[in-house]
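What follows is a set of notes on a single structure, which appears directly below.
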There are 2 protein chains.
Amino acid sequence: MTLAEENYLKTIFHLERKLKSEVSTNALAERMQTRASSVTDMMQKLADKKMLVYKKYKGVQLTEKGKKAAAYVVRKHRLWEVFLVDKLKFHWDEVHEIAEQMEHIKSVELIKRLDAFLGHPDFDPHGDPIPDKDGNIKKAEKRLLSELIKNQIGICVGVKESSPEYLQYLDKKKIKIGTKINVLGKEFFDGSMMIQVGRDQFFVSKQIAENLYVQTN
Amino acid sequence: MTLAEENYLKTIFHLERKLKSEVSTNALAERMQTRASSVTDMMQKLADKKMLVYKKYKGVQLTEKGKKAAAYVVRKHRLWEVFLVDKLKFHWDEVHEIAEQMEHIKSVELIKRLDAFLGHPDFDPHGDPIPDKDGNIKKAEKRLLSELIKNQIGICVGVKESSPEYLQYLDKKKIKIGTKINVLGKEFFDGSMMIQVGRDQFFVSKQIAENLYVQTN
DNA sequence: ACTAATATTTAGCTTTGCCTAAAATTATAA
DNA sequence: TTATAATTTTAGGCAAAGCTAAATATTAGT
């Protein structure tokens, strides 16, 4: 698997989930900042390798093999993002580009050990689930804190738009990935909420609640 | 700087220090597992970029610019090796190939933070010095423990040949990178030594002492 | 149903980094 | 010193992954 192939697979993987259908040449070209003709070339190559099913003019669909390969790239990407944020103290919005490079490092043992070193995380710093070694994604519906109702409990899994100010606010309130948030009440007219984090109880505005992703079980 | 260019620079850097002279096309070709003609191509390219001085049939020599770039690649390589051993618990002899890939990741900030995360190490797990950000190498003569004489002090900087058994022995004796070793005495006929490590004093055979690199000041 | 617009593929070219074979240079040794 | 050996460079090609322009399919609007 070359670097380019891995990048195509990963992008197809994401687009398939978003579009819930075959992925078109143009959709791929746009996402990958490349030309449709280049995409066609690569699709033919990946079809030869049984990574996907390609039907002229009809788009592509990953095979099981392709899905697994793609999920593994995603797994590596997200684990490295956790590393960058948890260990090297990068901010959530600075890590994508670096992880984009690190995801291509080839060593199964490396990823095994990295995963253990990080404590087998389930989510990356953006709240997206980390596929397991076999490519299974715990499709934990992530949703906005603002969508919860009274007495619901959510686990913080990420942020939507992360300005430095917002991240600082979360820091101050001791909210990070994995933090349990209990909705104690919700104001109807402005969407603000009373929440509990650890032993602290406080209000958050609608704006705040609309930028925090949580997972409910 | 492409990946291939970085690899050439790094190899030239190492060969220049070993040979203490210009580096010949064939020497490079052998080290890089490639053909002389490929080397010539790349030398012309790197000469265009002012990374080295290339004289037909006379070999190459790094410029200051080239030296700095090469040293930075080496710095990254060695820092990642420290990460792999110290944090991910790889053995000293398993990390080269992985670091070979990681050294090419592009992010100045990443390396800054990695360095801090590792505690600004001066040596990699093989005892080789880590160049600083500016490419300066603390050329701390590393030598074998067996070369020391009575009352000399050495800092452990690495191993020569690292079998699992040997590494285990060092573990048991609490000897690792950075450990100070005091030579209390040396037996003439068998080369064994009495040494002090922390509060412990014990004998090491010549075999042991010949496989441990130390730095003296 | 038919044309216009859009999407996709094909053909042919470019660059990077490698290769082989042949030519040129330098080194060696009788 | 001169022929032979070894080293190095040049010339010409190849595969990967991209691009442009032209050809071909599909979709949509009337």
Side-chain angles (χ1 to χ4, degrees), chain A residues 1-13 15-16 18-62 66 69-70 73 100-101 103-106, chain B residues 1-13 15-16 18-62 66 69-70 73 100-101 103-106:
Chain A
M1 289 268 288
T2 67
L3 195 143
E5 285 169 356
E6 285 192 346
N7 281 333
Y8 272 95
L9 286 181
K10 188 185 54 165
T11 305
I12 296 166
F13 182 81
L15 283 177
E16 259 185 11
K18 172 180 286 186
L19 308 175
K20 290 169 196 299
S21 72
E22 302 75 45
V23 177
S24 75
T25 303
N26 263 8
L28 254 174
E30 186 176 358
R31 260 293 196 100
M32 308 217 41
Q33 301 275 63
T34 186
R35 297 314 182 115
S37 58
S38 307
V39 172
T40 301
D41 283 351
M42 186 58 95
M43 293 311 96
Q44 292 169 343
K45 189 173 163 193
L46 288 173
D48 284 349
K49 296 195 176 188
K50 310 288 183 214
M51 288 301 196
L52 44 77
V53 179
Y54 166 63
K55 284 192 189 118
K56 272 191 181 188
Y57 296 101
K58 297 298 177 192
V60 296
Q61 217 178 339
L62 292 177
V73 177
E100 205 69 15
Q101 299 176 61
E103 74 191 7
H104 299 295
I105 291 166
K106 279 167 185 43
Chain B
M1 287 268 287
T2 68
L3 194 143
E5 286 169 357
E6 285 192 345
N7 281 333
Y8 272 96
L9 286 181
K10 190 185 56 164
T11 305
I12 296 166
F13 182 82
L15 283 177
E16 259 185 10
K18 173 181 285 188
L19 308 174
K20 292 168 194 298
S21 72
E22 304 75 44
V23 177
S24 74
T25 303
N26 263 8
L28 254 175
E30 184 176 1
R31 259 291 196 103
M32 306 215 45
Q33 300 275 63
T34 187
R35 296 315 181 110
S37 59
S38 306
V39 172
T40 301
D41 284 351
M42 186 58 95
M43 292 313 96
Q44 292 169 345
K45 188 172 163 195
L46 289 173
D48 284 350
K49 296 196 175 186
K50 310 288 183 213
M51 289 300 196
L52 44 77
V53 179
Y54 166 63
K55 285 195 188 115
K56 272 190 181 188
Y57 296 99
K58 297 295 178 193
V60 296
Q61 217 176 339
L62 291 178
V73 177
E100 204 70 15
Q101 300 176 62
E103 73 190 9
H104 299 295
I105 291 166
K106 279 167 185 41

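Order of the sequence lines sets the chain letters (A, B, ...), proteins ahead of strands, with each chain counted from 1.
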State which of [options] makes the closest approach to the side chain of [X].
{"X": "B:Tyr8", "options": "D:dT9, D:dC19, C:dC18", "value": "C:dC18"}
{"X": "A:Thr25", "options": "C:dT9, C:dA7, D:dT10", "value": "C:dT9"}
{"X": "B:Asn26", "options": "C:dA7, D:dT7, C:dT9", "value": "D:dT7"}

Whole angstroms only, please: what is the [atom1]-[atom2] distance between [X] and [N]?
{"X": "A:Glu22", "N": "D:dT26", "atom1": "CD", "atom2": "C1'", "result": "15 Å"}
{"X": "B:Asp41", "N": "D:dG12", "atom1": "CG", "atom2": "P", "result": "14 Å"}
{"X": "A:Asp48", "N": "D:dA16", "atom1": "CG", "atom2": "C1'", "result": "14 Å"}
{"X": "B:Met42", "N": "C:dC19", "atom1": "CE", "atom2": "P", "result": "11 Å"}
{"X": "A:Gln33", "N": "D:dG18", "atom1": "CD", "atom2": "P", "result": "12 Å"}
{"X": "B:Leu3", "N": "C:dT15", "atom1": "CG", "atom2": "P", "result": "21 Å"}
{"X": "A:Lys55", "N": "C:dT9", "atom1": "NZ", "atom2": "P", "result": "13 Å"}
{"X": "A:Tyr54", "N": "C:dT8", "atom1": "OH", "atom2": "P", "result": "10 Å"}

- Message: Any base atoms under 4.0 Å from B:Ala4, or only sugar-phosphate, or nothing? Heavy atoms, all strands.
- Response: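 Sugar-phosphate: the residue B:Ala4, judged by heavy atoms under 4.0 Å, touches backbone atoms but no base.
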- Have a look at A:Glu30 and say if it touches a base, only the backbone sugar-phosphate, or nothing, with a 4.0 Å heavy-atom cut-off.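 Nothing, no heavy atom under 4.0 Å.
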Close side-chain approach of [X] to [Y], heavy-atom, < 4.5 Å:
{"X": "B:Lys18", "Y": "B:Arg31", "value": "yes"}
{"X": "A:Ser38", "Y": "A:Tyr8", "value": "yes"}
{"X": "A:Ile12", "Y": "A:Met43", "value": "yes"}
{"X": "B:Leu46", "Y": "B:Tyr54", "value": "no"}
{"X": "B:Glu22", "Y": "B:Lys58", "value": "no"}

- Task: Apply the side chain to side chain contact (heavy atoms under 4.5 Å, CB included) test between A:Thr34 and each candidate in A:Leu28, A:Val39, A:Asn7; give the one that qualifies.
- Result: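 Only one option passes, and that is A:Val39.
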With the criterion being N/O to N/O and under 3.5 Å, what pairs connect the protein with nucleotides 20-23 of chain D, and how long is each?
from   : atom 1 : to      : atom 2 : distance (Å)
D:dT20 : OP2    : A:Arg35 : NE     : 3.4
D:dT20 : O4     : A:Ser37 : OG     : 2.9

So does [X] get a side-chain nitrogen or oxygen closer than 4.0 Å to the phosphate oxygens (OP1/OP2) of [N]?
{"X": "A:Lys58", "N": "C:dA7", "value": "no"}
{"X": "A:Gln44", "N": "C:dT9", "value": "no"}
{"X": "A:Thr40", "N": "C:dT10", "value": "no"}

- Message: Donor-acceptor pair, distance only, cut-off 3.5 Å: does the side chain of B:Glu6 make one with the backbone of B:Leu3?
- Response: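 Pair absent, no side-chain N/O of B:Glu6 close to backbone of B:Leu3.
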- Task: Hey, which sits more toward the 5' end of DNA chain D by its nearest nucleotide, A:Thr2 or B:Ala27?
- Result: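 In this pair, the answer is B:Ala27.
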